[in-house]
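Each chain gets a letter, A, B and so on, in the order the sequences are listed, and its residues count up from 1.
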Amino acid sequence: MDKKSDIIEKRKKKLLDLKRNKINPYPNDFVVLHTVRDIKKTVEDAPDSLTEDSPVFVVAGRMMAINRFGKASFIRFRDRTGQLQAYLRKDKIGEKSYNMFKQLDIGDFVGLNGGMFKTRTGEWTLLVKEFKLVCKSARPLPEKFHGLKDPEKRYRRRYIDLAMNSDVRDIFMKRSRIVQVIRTFLLDRDFLEVETPMMQPVPGGAEATPFVTHHNALGMDLFLRIAPELYLKRLVIGGFERVFEINRSFRNEGVSTRHNPEFTMLEFYQAYARYEDLMDLTEEMFCHVAREVTGSTSIQYQGNTIDFGTKWRRISLASAMEEFGGIDAGLMNHREGLLEFAASNKIKVTKTGRLGKIITKIFDVLVEPKLLQPTFITGYPIEVSPLSRRSDTEPELADRFELFIAGHEIANGFSELNDPVDQKERFLQQVEDREAGDKEAHYMDEDYIEALEYGMPPTAGEGIGIDRLAMLFTDSVSIREVILFPHMKPVERANG
RNA sequence: GGGCCGUUAGCUCAACUAGGCAGAGCACCUGACUCUUAAUCAGUAGGUUAUAGGUUCGAUUCCUAUACGGCCCA
C-alpha cells in the first residue's frame, strides 16, 4: 500500500477545494497577449511611457517564487521568454480575488494583467489588476535555491530539470540553434533536405550492431538504421546532386558519456565534389556555427580554448601515429610489429583482425585523445573504409578523412566509392569478416550495388555527430546533457 | 562486461570514521506583516534510511545479494 507524501496529499486536497468552489483548476480560456520579453522590451525602449495603469500587459507563466505579506505579495513567474516579478495587492485586485490567490502554490500557472511600475529597489514590476489561475500544480517543485541536482532525477524527469535549471534550458536552446544554423548553411548552398528510411531491410552505412524489429503485415524483420548513407547515395544516383538529412540513427551498443543508443547525425552528399572540398566546407560550416551560436570562432571546452578560426591541421593517419603515438612509420605495414607495439602499450586488439583495424585501434587509444584543436586525419586504410573511393595514387588507402576536436571524433567524410564492381568486392570482404565473427562488419546490399550500376556521379559525402557537436558548443562532458531524454532503465514506481 | 562511488523528508544535505532516540535549511501547514527578491518573526507537521536477507540485546551505520544511478576502464 502506497503512503503518499503529506505535501502531495495537501496539494491534491487544494485541487478538490477549488473544484468544490466552482473554480476550474485547468481552464483554457485565458488569452495571452504579451510575453515577458515583450514587456521587458517596452520597459527598455520607453520607460517614461509606463504607468501603473497603462499600457496594460496580459501575460501568463509558472510561478517560481512567492513572497507573501499580509495583504500584498510579490511573485516571480516565468514564461518561455524569461522571468518577471509581479506585485499583487489586496486593495488592487479585491478581497475575494486576493483570498483566492492565497490558496495558490509555487509551480502553479497564472494569467496576469496589469501595468508596470518601479519598486523602491528600482526593479520593474507588474502591478497586477487581475489574475487568473491557469493551471494548478499537484506536486511541489524542488527547492528554489539548490534546484534539482540528482542526475538520475534530472534525466528521468527532464521537465523538472528544465523548469528549475536555466543552464539546462540554455543547453537545449543552443542545441536547437546549432541544428537550425547548419540547416540554413546547407540550404543556402543549394542542398536539398530529405528523409530516408529509418527501418531498413539491410542495415548499412556504418560498422555497428543494429536493433532488430519486426513488421507483422509483411512478415519480415527490419533493422533500425545505423546510418542513412546508402539511401542518400541512391538519391544522388537519382539526380539530387546535393542532399542532406539531419535525424536519428540507432546503434545497439552500450551507453556511456559519449554514446546513446539513438543519436542524431547530419549526413550530406555533394556530387562533383571531392573529400578535400568537404574539409573546406566543414571548416566554413563550423566557423559559421560558432559565430552564429556563440558570437566567436573560438570556444571554451573543459578549460581548453578551441579555435575554429585558423586553418585546421590536415595530417595523414601514418604521420599522426608517428607524431602523437610514437610509432615508426615503417611499422605501419608490419602486422607482427604493430601487434607487439599494441601489447607493450596494453592496447587490446583482435589478433585475427585486419591490419587496418589494428592501426585504427592503436590510433583511438594513443592519438585521438591528443587531438585537441580541430584536426583532419586522412589516409585511412582501405579495409576499414568499405564505402570510400580508393586513392588513385595509393590504392591501399581511401580518399577519406575523419575530423577530431577536443579528443573526440566529430565527423567522417570521404569521396564515395561509385565503382559497383569494387563496391561488391568490398562488401564480399565484409561478409567474410562477418562470418569470421566480426558482428559489426557490413552486410551485403545487392540492391545498393544494382543502384550503383546505373551510375553515381563522382560524389563526396560526410557525417557529423550532432550530439557531439552540441557537447562541444555547450561545454558538456556527457552526451546525456545534450539529449533531452537520454536512455535510462525503467524503474519500479513506488508511488503513483 | 570490469573497478570505484552513491541511493536518508517534496528538494539540497547531515548523522556512518568507532553500531545506541534520524537532524538541518528550503518547501509544506497555522499565525503576524502592503516594497520583497534565498523576505522576516513565532509555532506545527513531515521518515518502512532504495529493496531483500544476515550479524547483533540493538543496524542509516557492519556483512551478502539485488535494483537503479554516477565516474573511470573495456
Side-chain angles (χ1 to χ4, degrees), chain A residues 1-15 17 52 63-78 83-95 97-99 101-108 116-128 137-158 160-161 163-165 209 252-259 302 342 345-350 361-362 364-365 368-369 407 439-440 476-481 486-496:
Chain A
M1 195 169 71
D2 290 341
K3 191 181 175 186
K4 282 185 187 139
S5 103
D6 184 53
I7 194 163
I8 292 170
E9 282 300 297
K10 278 173 179 154
R11 286 275 181 113
K12 294 198 167 158
K13 185 176 171 298
K14 279 187 179 177
L15 254 173
D17 288 345
E52 291 184 4
M63 289 198 288
M64 300 308 292
I66 305 176
N67 286 349
R68 295 182 199 278
F69 299 85
K71 300 182 184 68
S73 303
F74 284 94
I75 66 170
R76 260 170 288 150
F77 69 99
R78 197 177 58 232
Q83 187 166 284
L84 189 69
Q85 176 169 267
Y87 187 43
L88 292 95
R89 296 168 53 129
K90 192 175 185 173
D91 60 5
K92 289 277 179 188
I93 64 174
E95 181 163 0
S97 192
Y98 196 77
N99 288 340
F101 171 74
K102 280 181 169 175
Q103 299 307 306
L104 299 188
D105 297 294
I106 292 171
D108 292 349
M116 294 299 285
F117 78 107
K118 229 179 191 173
T119 64
R120 268 178 217 159
T121 55
E123 178 169 352
W124 281 101
T125 299
L126 184 75
L127 182 66
V128 176
S137 167
R139 285 175 183 266
L141 289 176
E143 194 224 331
K144 61 189 167 191
F145 189 58
H146 294 95
L148 186 67
K149 283 189 169 173
D150 181 348
E152 183 171 355
K153 284 173 184 150
R154 286 182 46 230
Y155 300 150
R156 284 191 197 281
R157 288 186 273 187
R158 182 70 91 180
I160 304 178
D161 192 25
M164 296 304 298
N165 299 324
T209 311
N252 205 340
E253 296 159 1
V255 297
S256 76
T257 48
R258 292 194 202 181
H259 297 92
Q302 301 301 303
N345 282 278
K346 297 200 165 70
I347 301 167
K348 285 185 189 166
V349 296
T350 325
K361 178 73 195 177
I362 295 172
D364 288 351
V365 176
E368 181 172 326
K439 290 206 165 62
E440 296 192 337
S476 301
V477 191
S478 169
I479 197 170
R480 290 179 210 108
E481 294 297 335
H487 272 278
M488 306 283 276
K489 283 195 178 184
V491 74
E492 288 287 317
R493 307 210 65 172
N495 146 7

task: For A/N165 and A/L148, indicate whether the former's side chain and the latter's backbone hold a donor-acceptor pair under 3.5 Å.
output: yes
message: Test side chain to side chain contact (heavy atoms under 4.5 Å, CB included) on A/Q103 and A/D17; report intermediate values, then the result.
response: CA-CA 10 Å; A/Q103 299 307 306; A/D17 288 345; 5.9 Å; no
- request: Considering only atom P, compute the distance from B/C21 to B/U61 and round it to an integer number of Å.
  value: 14 Å
field: Nearest listed nucleotide, side chain of A/I106, among B/U12, B/A27, B/A74
entry: B/A27
- request: Using the P atom as the reference point in each nucleotide, state the distance between B/U17 and B/U7 in Å, no decimals.
  value: 14 Å
- request: Report which part of the nucleic acid A/D150 touches: base, sugar-phosphate, or nothing (heavy-atom distance under 4.0 Å, all strands).
  value: sugar-phosphate
- prompt: Nearest heavy-atom pair of A/F101 and A/M63: which atoms, and what distance?
  reply: CE1-SD, 4.0 Å
N/O (side chain, A/T257) to phosphate O (OP1/OP2, B/C72) under 4.0 Å: yes
field: Rounded interatomic separation in angstrom, taking CG from A/N99 and C1' from B/G31
entry: 15 Å
- prompt: Can you tell me if the side-chain N/O atoms of A/K489 get under 4.0 Å from OP1 or OP2 in B/C68?
  reply: yes
Whole-Å distance separating the CD1 atom of A/I66 from the C1' atom of B/U34: 16 Å
query: Tell me: CG of A/D161 to P of B/C11, nearest whole Å?
result: 14 Å
- prompt: Using atom P of each nucleotide, how far apart are B/G19 and B/A32 to the nearest Å?
  reply: 50 Å
- prompt: For A/F117, which contact category applies under a 4.0 Å heavy-atom criterion: base, sugar-phosphate, or nothing?
  reply: base
- line: Of A/R154, A/R480, A/K149, the one forming a salt bridge (charged side-chain N to carboxylate O under 4.0 Å, His left out) with A/D161 is A/R154
message: Looking at the base of B/U7, is there any donor atom on it, or on the side chain of A/E152, that sits under 3.5 Å from an acceptor on the other one?
response: no
statement: Walking RNA chain B from its 5' end, the first of A/S478 and A/N67 to be reached, judged by nearest nucleotide, is A/N67
- request: Would you mind reading off the distance between A/H146 atom NE2 and B/U12 atom P, rounded to a whole angstrom?
  value: 10 Å
- request: Mark this stacking check for A/F74 against B/U36 as yes or no, applying ring centres under 5.5 Å and ring planes under 30°.
  value: yes
message: Using whole Å, what does the distance between atom C1' of nucleotide B/U12 and atom CZ of A/R154 come to?
response: 14 Å
- request: For the pair A/N345 (side chain) and A/I347 (backbone), establish whether a donor and an acceptor sit closer than 3.5 Å, ignoring hydrogens and angles.
  value: no
- request: Check every strand shown and say whether A/M164 touches a base, only sugar-phosphate, or nothing at a heavy-atom separation below 4.0 Å.
  value: nothing
task: Taking atom P in both B/G47 and B/C71, compute the distance separating them and give it to the nearest angstrom.
output: 33 Å
query: Rounding to a whole Å, what distance do you find between A/E440:CD and B/A74:C1'?
result: 13 Å
field: Polar side-chain atom of A/R78 near backbone of A/A163 as donor-acceptor pair, under 3.5 Å
entry: yes
Nearest atoms (heavy-atom pairs only) where A/Y98 meets A/R89: CD1-C, 4.2 Å
task: Establish, with yes or no, whether the OP1 or OP2 oxygen of B/C29 is under 4.0 angstrom from a side-chain nitrogen or oxygen of A/K14.
output: yes
message: Expressed as a whole number of angstroms, how long is the span from A/R139:CZ to B/C28:C1'?
response: 15 Å
query: Is a donor-acceptor pair below 3.5 Å formed from side chain A/R76 to base B/U37, judging by atom type as modelled?
result: no
message: Suppose you measure atom P in B/A15 against the same atom in B/A24; what distance do you get, rounded to whole Å?
response: 15 Å
task: Check every atom of B/U37, B/U34, B/C29 against the side chain of A/F69 and return the nucleotide holding the closest atom.
output: B/U34
task: Check whether any side-chain heavy atom of A/V477 lies under 4.5 Å from a side-chain heavy atom of A/Q302, and answer yes or no.
output: yes
- prompt: What is the distance from CD1 of A/I75 to P of B/A38, rounded to the nearest Å?
  reply: 16 Å
- prompt: Which nucleotide in the set B/C28, B/U36, B/G70 lies at the smallest distance from any side-chain heavy atom of A/D105?
  reply: B/C28
query: In terms of the nearest nucleotide of RNA chain B, which residue is placed more toward the 5' end: A/K90 or A/R156?
result: A/K90
query: OP1 or OP2 of B/C11 less than 4.0 angstrom from a side-chain nitrogen or oxygen of A/K153, does that happen here?
result: yes
- prompt: Salt-bridged, A/E123 to A/R76, with N to O below 4.0 Å?
  reply: no
message: Using a 4.0 Å heavy-atom cut-off, does A/Y155 contact any base of the nucleic acid, only the sugar-phosphate backbone, or nothing at all?
response: sugar-phosphate
Interatomic distance at C1', B/G20 relative to B/A59, whole Å: 10 Å
message: Only Watson-Crick and G-U wobble pairs, only distances under 3.5 Å, only runs of 3 or more: what stems does that leave for RNA chain B?
response: B:1-7 with B:67-73, B:10-13 with B:23-26, B:29-32 with B:40-43, B:50-54 with B:62-66
message: Work out how far the P atom of B/G10 is from that of B/C28, and round it to whole angstrom.
response: 15 Å
- line: Looking only at B/A38, B/C71, B/U12, the nucleotide nearest the A/F145 side chain is B/A38
task: Quote, to the nearest angstrom, the C1' distance that separates B/A9 from B/A50.
output: 15 Å
query: Which of these nucleotides, B/C35, B/G46, B/G10, is closest to any side-chain atom of A/D6?
result: B/G46
query: For the residue pair A/Y87 and A/F117, does the interplanar ring angle fall in the parallel (under 30°), tilted (30 to 60°) or perpendicular (over 60°) class?
result: tilted
task: Please check the phosphate of B/C71 (OP1 and OP2 only) for any side-chain N or O of A/R480 closer than 4.0 Å.
output: yes
- prompt: Checking all strands, does A/G254 fall into the base, sugar-phosphate, or nothing category for heavy-atom contacts under 4.0 angstrom?
  reply: nothing
